[in-house]
Amino acid sequence: QVQLVQSGAEVKKPGASVKMSCKASGYVFSSFAIHWVRQAPGQRFEWMGWINVSNGDIKYSQTFQGRVTISKDTTANIVYMEVESLRLDDTAVYFCARGWLQLTYLEHWGQGTLVTVSP
Amino acid sequence: DIQMTQSPSSLSASVGDRVTITCRASQSIGTYLNWYQQKPGEAPSLLIRSASTLHYGVPSRFTGFGFGTDFSLTITGLQPEDFATYFCQQTYAAPPAFGQGTKVEIK
């Protein structure tokens, strides 16, 4: 069955970077896109960006452009997301999710990675 | 960017009740509207895509309706496992945006 398994929780200081992973299994990795969405405490979901695993095309939300980097390791079926210059309000659960295209429903989600930014 | 507004933010209901959640887009999005359910500590799960298409394995007590700017999710015959938070998402234009969520609680 389709699974997206994310890396574990992180605690970071303001100004630091965090790199998290999303390992896919149960389907042909290159046939789908991976999106990153975050959910800060008490806030709505916020779309951060996506990668077309097939052709490597990447798009970021303007909100995160320049501070977020999405990458992939096709041999290992893993997608990564790095967030730089962390701020206190970056404290959130970060989810990866599988979709078809940039504008698509998200039918499979990872379990989430909690990132806590604390002085 | 398109903004999504859900109402109500929360509601209390009893098992067996019929509940309706609404989602309004700041501009017309056709039927590019999806609904998700999220239980505490879990990832969201897709319920309905394209405004009214039930996702695989989702019980038929969930129905979606709407076009343009106004959409609804109805649960007919609320079950104990339906107490959760529900989110809408537009996928008409980038960036894909979510509603703020509606928490369905037990009365």
Side-chain angles (χ1 to χ4, degrees), chain A residues 1-7 9 20 22-24 26-27 32-52 57-65 67-68 70 92-114, chain B residues 1-7 9-10 21 23-58 62 64 71 73 84-103:
Chain A
Q1 73 281 22
V2 174
Q3 278 195 303
L4 298 174
V5 179
Q6 296 184 234
S7 48
M20 62 195 81
C22 173
K23 182 170 174 58
Y27 69 97
F32 294 86
I34 293 290
H35 294 247
W36 288 93
V37 178
R38 78 176 186 182
Q39 186 179 33
Q43 302 296 312
R44 67 182 67 199
F45 284 100
E46 195 171 18
W47 181 81
M48 301 180 70
W50 80 302
I51 181 168
N52 182 330
D57 192 26
I58 297 171
K59 291 281 195 304
Y60 300 106
S61 165
Q62 282 193 331
T63 302
F64 299 99
Q65 185 84 42
R67 208 162 64 89
V68 168
I70 296 172
V93 179
Y94 292 76
F95 291 96
C96 63
R98 193 190 84 169
W100 291 92
L101 300 165
Q102 179 179 5
L103 295 170
T104 180
Y105 53 87
L106 302 172
E107 63 178 322
H108 295 283
W109 294 64
Q111 84 278 17
T113 294
L114 173 62
Chain B
D1 294 358
I2 297 174
Q3 310 298 321
M4 306 301 294
T5 304
Q6 282 183 241
S7 61
S9 297
S10 65
I21 299 165
C23 179
R24 174 164 288 178
S26 60
Q27 66 182 73
S28 179
I29 59 171
T31 58
Y32 290 91
L33 190 284
N34 311 305
W35 289 98
Y36 301 85
Q37 177 193 67
Q38 186 183 32
K39 296 179 181 177
E42 297 183 7
S45 60
L46 178 66
L47 291 176
I48 289 172
R49 51 188 170 90
S50 303
S52 61
T53 301
L54 218 55
H55 190 54
Y56 309 112
V58 174
F62 292 92
F71 301 86
L73 171 70
T85 301
Y86 295 85
F87 299 89
C88 60
Q89 177 209 24
Q90 70 82 15
T91 49
Y92 176 80
F98 293 83
Q100 79 275 25
T102 296
K103 187 173 184 179

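Proteins get letters first, then strands, A, B, ... in listed order; numbering begins at 1 in each.
B/Thr91 contributes atom OG1, which lies 14.5 Å from atom CH2 of A/Trp100 (distance to the nearest 0.5 angstrom). With rounding to the nearest 0.5 angstrom, the CD atom of A/Gln43 is 11.0 Å from the CD atom of B/Gln100. A/Tyr105 OH to B/Ile48 CD1: the interatomic distance, rounded to the nearest 0.5 Å, is 13.5 Å. To the nearest 0.5 Å, atom CG of residue A/Leu103 and atom CD of residue B/Gln89 are 9.0 Å apart.
Contact residues of residues 30-39 of chain B toward chain A are B/Asn34, B/Tyr36, B/Gln38 (heavy-atom distance under 4.5 Å).
Interface remark: A/Phe95 contributes side-chain atoms only to the contact with chain B (heavy atom separation under 4.5 Å). Interface remark: A/Val93 contributes no atoms to any contact with chain B (heavy atom separation under 4.5 Å). Of the two parts of B/Ala97, neither the backbone nor the side chain holds a non-hydrogen atom closer than 4.5 Å to a non-hydrogen atom of chain A. If you measure heavy-atom distances from A/Gln39 to chain B, the contacts under 4.5 Å come from the side chain alone.
If you tally non-hydrogen atom pairs under 4.5 Å between each of B/Gln6, B/Glu42, B/Met4 and chain A, the highest count goes to B/Met4. With chain A as partner, the option from B/Ser50, B/Gly41, B/Ala93 having the largest number of non-hydrogen pairs under 4.5 angstrom is B/Ala93.
Surrounding OH of B/Tyr92 are at most 12 heavy atoms belonging to other residues, nucleotides or ligands under 6.0 Å away. The number of heavy atoms from other shown groups lying within 6.0 Å of CZ (B/Arg24) does not exceed 12. Annotation for B/Lys103: atom NZ does not count as buried by contact number, only 12 or fewer foreign heavy atoms lying within 6.0 Å.
Minimum interatomic distance between A/Arg44 and B/Gly99 (heavy atoms only, all atoms of both residues): CB-O, 3.5 Å. When all heavy atoms of A/Gly110 and B/Ala43 are compared, the pair lying nearest together is O-CB, 3.1 Å.
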